[in-house]
2 protein chains.
Amino acid sequence: MKKNELIIECSIEKALNIIGSKWSFLILRELFCGTKRFGELERAVQGISPKALTDTLRHMEANDILVRDVYPTVPLRVEYTLTEKGQDFHKIIKEMKIWGSKWG
Amino acid sequence: MKKNELIIECSIEKALNIIGSKWSFLILRELFCGTKRFGELERAVQGISPKALTDTLRHMEANDILVRDVYPTVPLRVEYTLTEKGQDFHKIIKEMKIWGSKWG
DNA sequence: CAGCATCCAAAAGGATACTG
DNA sequence: CAGTATCCTTTTGGATGCTG
């Protein structure tokens, strides 16, 4: 829903737009445990394709939810770490877990 | 992401699948204030089309997040009310509002 | 390893017109 | 009023092949 992003302004819509998609929730959950590499995320997030993973990570990076650190070694090493903003999302994920285990 | 619904089983994925889309969050927010009619929701949820609203409401009804009450008057009157399961989602929305206003 | 580019299929969602 | 039906556009995401 790209067009709506212009209309949207309340705090919950902001949160939804910053997050972007369902994938972000799943990536966030993985990164709460700590820094992870691209390949680790690819394996941890069930069913995600490299393309979707890249797209989502870029979106999250652009929204200051995580930082991307590149170590120019051979082989290449890229790590993703949550920012404070990303870490603070933990409360929401936690409530979702509670809700999911209660009602799922 | 239909195919993933089969793989997915953790509580947070359950929550995400039950919710379905971004629209659900916005509809939920409206219904926390109390029962609303189709037209009221259509006006309250900025930018939603009747089709998207219908689809989302049907999905939420199928997942026991809300109930649909039809009053066969003229003109027709249909009301949507959150179930206990839907009401319980309030904690999540609340945390999202807090996050959104803090970081948005 | 960590991707990007390209192509393509599926799904979501908007617009419009019509109905009980 | 509260939708449904249809059509069509946009978006998402999978598959594949290639690269620094």
Side-chain angles (χ1 to χ4, degrees), chain A residues 1-8 13 16-28 30-31 34-63 66-81, chain B residues 1-8 13 16-28 30-31 34-63 66-81:
Chain A
M1 52 184 190
K2 274 285 166 52
K3 210 164 60 182
N4 290 341
E5 291 182 24
L6 301 171
I7 319 171
I8 276 164
E13 284 93 335
L16 289 170
N17 286 321
I18 291 171
I19 289 305
S21 77
K22 285 186 183 181
W23 292 125
S24 302
F25 284 95
L26 305 177
I27 292 171
L28 274 165
E30 296 307 320
L31 293 180
T35 296
K36 279 204 166 62
R37 300 178 59 176
F38 188 89
E40 292 180 294
L41 287 172
E42 199 173 357
R43 267 168 274 126
V45 180
Q46 286 283 357
I48 198 167
S49 67
K51 183 176 174 293
L53 183 54
T54 302
D55 292 349
T56 312
L57 287 170
R58 290 290 178 278
H59 176 84
M60 293 170 81
E61 191 189 0
N63 284 282
L66 51 76
V67 289
R68 179 171 177 267
D69 292 306
V70 184
Y71 301 91
T73 55
V74 179
L76 187 60
R77 179 186 186 82
V78 180
E79 293 187 343
Y80 295 90
T81 311
Chain B
M1 58 184 189
K2 275 284 166 55
K3 209 163 63 182
N4 290 342
E5 292 181 24
L6 301 171
I7 318 171
I8 277 165
E13 285 93 334
L16 288 170
N17 286 321
I18 291 171
I19 289 306
S21 77
K22 285 186 182 180
W23 291 126
S24 302
F25 284 94
L26 305 178
I27 292 171
L28 274 164
E30 296 306 320
L31 293 181
T35 297
K36 279 204 167 59
R37 300 177 61 175
F38 187 89
E40 293 180 296
L41 288 172
E42 199 173 357
R43 268 168 273 127
V45 179
Q46 284 285 354
I48 198 167
S49 66
K51 182 175 173 295
L53 183 54
T54 302
D55 292 350
T56 312
L57 287 170
R58 290 289 179 279
H59 175 84
M60 293 170 80
E61 191 189 359
N63 284 284
L66 52 77
V67 288
R68 178 172 178 268
D69 291 307
V70 183
Y71 301 91
T73 55
V74 180
L76 188 58
R77 178 186 186 82
V78 180
E79 294 188 344
Y80 294 91
T81 310

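All chains are named by letter (A, B, ...) in the order of the sequence lines, taking the proteins before the strands, and each is independently numbered beginning at 1. This structure is a prediction, so every number in the text was calculated from the model and none was measured.
- For B:Lys51, the side-chain atoms get nearest to C:dG14 when compared with the rest of C:dG14, C:dG20, D:dG14.
- When rounded to the nearest whole Å, the span between NE2 of A:His59 and P of D:dG13 equals 11 Å.
- Atom-to-atom, CD of B:Glu42 to P of C:dG14 comes out at 12 Å; the value is rounded to the nearest Å.
- Considering only the side chain of A:Ala52, D:dG13 comes nearest among D:dG3, D:dG13, C:dG3.
- When distances run from any side-chain atom of B:Pro75 to the nucleotides C:dG14, D:dC1, D:dG3, the shortest one goes to D:dC1.
- The nearest whole Å value for the distance from the CZ atom in A:Phe38 to the P atom in D:dG20 is 18 Å.
- Here the side chain of A:Leu76 is nearest to one of D:dT4, C:dC4, C:dA2, namely C:dA2.
- Counting to the nearest Å, the C1' atom of D:dA2 and the CD1 atom of B:Ile27 are 14 Å from each other.
- Between the P atom of D:dA5 and the CG atom of B:Leu53 lies a distance of 16 Å, rounded to the nearest Å.
- Checked against C:dC4, D:dG14, C:dC1, the side chain of A:Arg37 finds its nearest nucleotide in C:dC1.
- Counting to the nearest Å, the C1' atom of C:dC4 and the CG atom of A:Leu57 are 14 Å from each other.
- Taking atom CG of B:Asp55 as the reference point, atom P of C:dG14 lies 10 Å away to the nearest angstrom.
- The side chain of A:Arg68 approaches C:dG3 more closely than any other nucleotide in the set C:dG3, D:dA2, D:dG13.
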